[in-house]
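Each remark here refers to the structure printed beneath this line.
Note that the coordinates shown come from a computational prediction; the quantities given were computed from them, not determined experimentally.
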Amino acid sequence: MTAHPVALVTGANKGLGKETARQLAARGATVVLASRDAERGEAAAAELAAAGTKPIPVRLDVTDADSVQEVADALDAEYGRLDVLVNNAGTVIDQRAERTTTAEMRQNYEVNVFGVVTVIHAMLPLLSKSAAPRIVNVSSTTASLSLTSGGTDFGGDADLRMAYSSSKAALNMLTIQYAKAFGDSDALSHIKINSATPGYTATDMTNHRGTRTVAEGARVIVDLATLTDDGPTGGFFNDQGIVPW
């Protein structure tokens, strides 16, 4: 990684996003802490600043292309590049498969899939200017088709995951497709993109029932965000290694 990389973390006002911002700042990054709610983002940044790091809060709603582009323009004006993009913003709807509506599915996909495409598209010109750009898509172990079909116990209620898990499976396919596209482009071939699963982490999304702390969950995200040039791209990882698709 470049010295003092510039990192953008979406959905960073709480939970995994805030912890990812903290850990990246601890590794020397200039962290832009993005959140849909500006006041909550500023409060999170102030909390981290009081603990010794100084993230820069910005308002960014991944479902609002204008707000995403405003951040991209601001980053271009201030830094002229982006070294790390962590697509952490996400949402979940708990509903049994047979009761899940199209509207509920669409709500999950708007944030977890289309929002990621919106952010990557806006940030690619800045990432291409970095010497060692990294993109991390925050996924879920429940997105694994092979583990899910094999009956893996991920923790929580498996009967309520159709919208969320299928959106994260789609996110994993985005990771694969972007990696292939970047590899075929002279201008983008230096970008590494990977999916990360933090595991069953105690956050608002799991009603704090997760068995892992946010510090443990964020570890793989930060490791992938700070990969060396010989690191992998186009993969799906937890903090123990490769996760099967």
Side-chain angles (χ1 to χ4, degrees), residues 1 7-11 15-17 19-20 23-24 62 84-92 108-109 111-117 119-120 123-124 127 132-156 158 161-184 188-201 203 205-206 210-245:
M1 290 294 297
L8 172 66
V9 183
T10 67
L16 278 167
E19 176 62 18
T20 297
Q23 290 189 23
L24 283 171
V62 301
V84 173
L85 169 60
V86 178
N87 288 306
N88 170 74
T91 191
V92 62
N108 263 218
Y109 277 68
V111 177
N112 299 350
V113 182
F114 305 140
V116 171
V117 174
V119 174
I120 290 178
M123 300 301 163
L124 265 183
L127 289 160
R134 307 289 182 255
I135 301 174
V136 183
N137 293 330
V138 180
S139 184
S140 167
T141 317
T142 68
S144 169
L145 301 182
S146 56
L147 293 179
T148 299
S149 62
T152 299
D153 181 3
F154 300 110
R161 292 196 179 114
M162 186 172 81
Y164 176 74
S165 296
S166 65
S167 72
K168 292 299 188 178
L171 177 64
N172 284 350
M173 180 56 76
L174 292 186
T175 297
I176 295 171
Q177 293 292 331
Y178 277 123
K180 291 174 66 68
F182 295 163
D184 291 338
L188 304 175
S189 60
H190 61 313
I191 300 177
K192 293 186 182 297
I193 180 169
N194 291 286
S195 287
T197 172
Y200 191 38
T201 305
T203 64
M205 192 172 287
T206 64
T211 56
R212 292 167 61 81
T213 67
V214 289
E216 292 170 332
R219 184 165 52 213
V220 64
I221 301 170
V222 175
D223 285 346
L224 290 172
T226 55
L227 284 173
T228 56
D229 288 342
D230 59 353
T233 192
F236 183 24
F237 300 91
N238 61 20
D239 55 9
Q240 302 300 310
I242 297 173
V243 179
W245 297 112

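Applying side-chain contact (heavy atoms from CB on, under 4.5 Å) to I193 and the options N87, L224, I120, L174 leaves one that passes, I120.
Partners of S139 by side-chain hydrogen bond (donor to acceptor under 3.5 Å, both in side chains), not counting sequence neighbours, listed by chain and number: N172. Residues passing the side-chain contact (heavy atoms from CB on, under 4.5 Å) test with S149, sequence neighbours excluded: none. Scanning for side-chain contact (heavy atoms from CB on, under 4.5 Å) contacts around T197 gives T141, F236, N238, V243, with sequence neighbours left out. The ring pair (Phe, Tyr, Trp, His ring centres under 6.0 Å) check on F154 picks up nothing, with sequence neighbours excluded. Residues passing the side-chain hydrogen bond (donor to acceptor under 3.5 Å, both in side chains) test with T233, sequence neighbours excluded: none. For Y178, the ring pair (Phe, Tyr, Trp, His ring centres under 6.0 Å) partners at least two apart in sequence or on another chain are F182. Under the side-chain contact (heavy atoms from CB on, under 4.5 Å) criterion, A181 pairs with no residue at all, not counting sequence neighbours. For the side-chain hydrogen bond (donor to acceptor under 3.5 Å, both in side chains) test, residues two or more places apart in sequence or in another chain that qualify with D230 are T228. Residues that satisfy the side-chain hydrogen bond (donor to acceptor under 3.5 Å, both in side chains) test with N112, not counting sequence neighbours, are S167. V111 pairs by the side-chain contact (heavy atoms from CB on, under 4.5 Å) definition with V62, T63, T91, not counting sequence neighbours.
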field: T142 and S140: CA distance, side-chain angles, deciding distance, side chain to side chain donor-acceptor pair (under 3.5 Å) verdict
entry: CA-CA 5 Å; T142 68; S140 167; 2.7 Å; yes

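N194 contributes a side-chain N or O that, together with a main-chain N or O of G235, makes up a donor-acceptor pair within less than 3.5 Å. In terms of modelled atom types and a separation under 3.5 Å, the side chain of S144 and the main chain of P244 share a donor-acceptor contact.
Listed by first then second residue, pairs satisfying salt bridge (charged side-chain N to carboxylate O under 4.0 Å, His left out) with a partner in residues 162-173 number zero, not counting sequence neighbours. Among residue pairs with one or both ends in residues 231-245, those qualifying as salt bridge (charged side-chain N to carboxylate O under 4.0 Å, His left out) are R212-D239, R219-D239; sequence neighbours excluded.
Residue V84 comes nearest to L127 through the heavy atom pair N-CD2, 4.5 Å, listed as atom of the first residue, atom of the second, then distance. Heavy atoms only, all atoms of each residue included: V138 and P198 are closest at CG1-CD, 4.2 Å. When all heavy atoms of T175 and S195 are compared, the closest pair comes out as OG1-OG, 2.7 Å.
For the atom pair CD1 of I191 and CE of M123, the computed distance is 13.0 Å after rounding to the nearest 0.5 Å. Rounding to the nearest 0.5 Å places CG of D229 at 6.5 Å from NZ of K192. Atoms CD1 and OG1, on I221 and T20 in that order, are 4.0 Å from each other to the nearest 0.5 Å.
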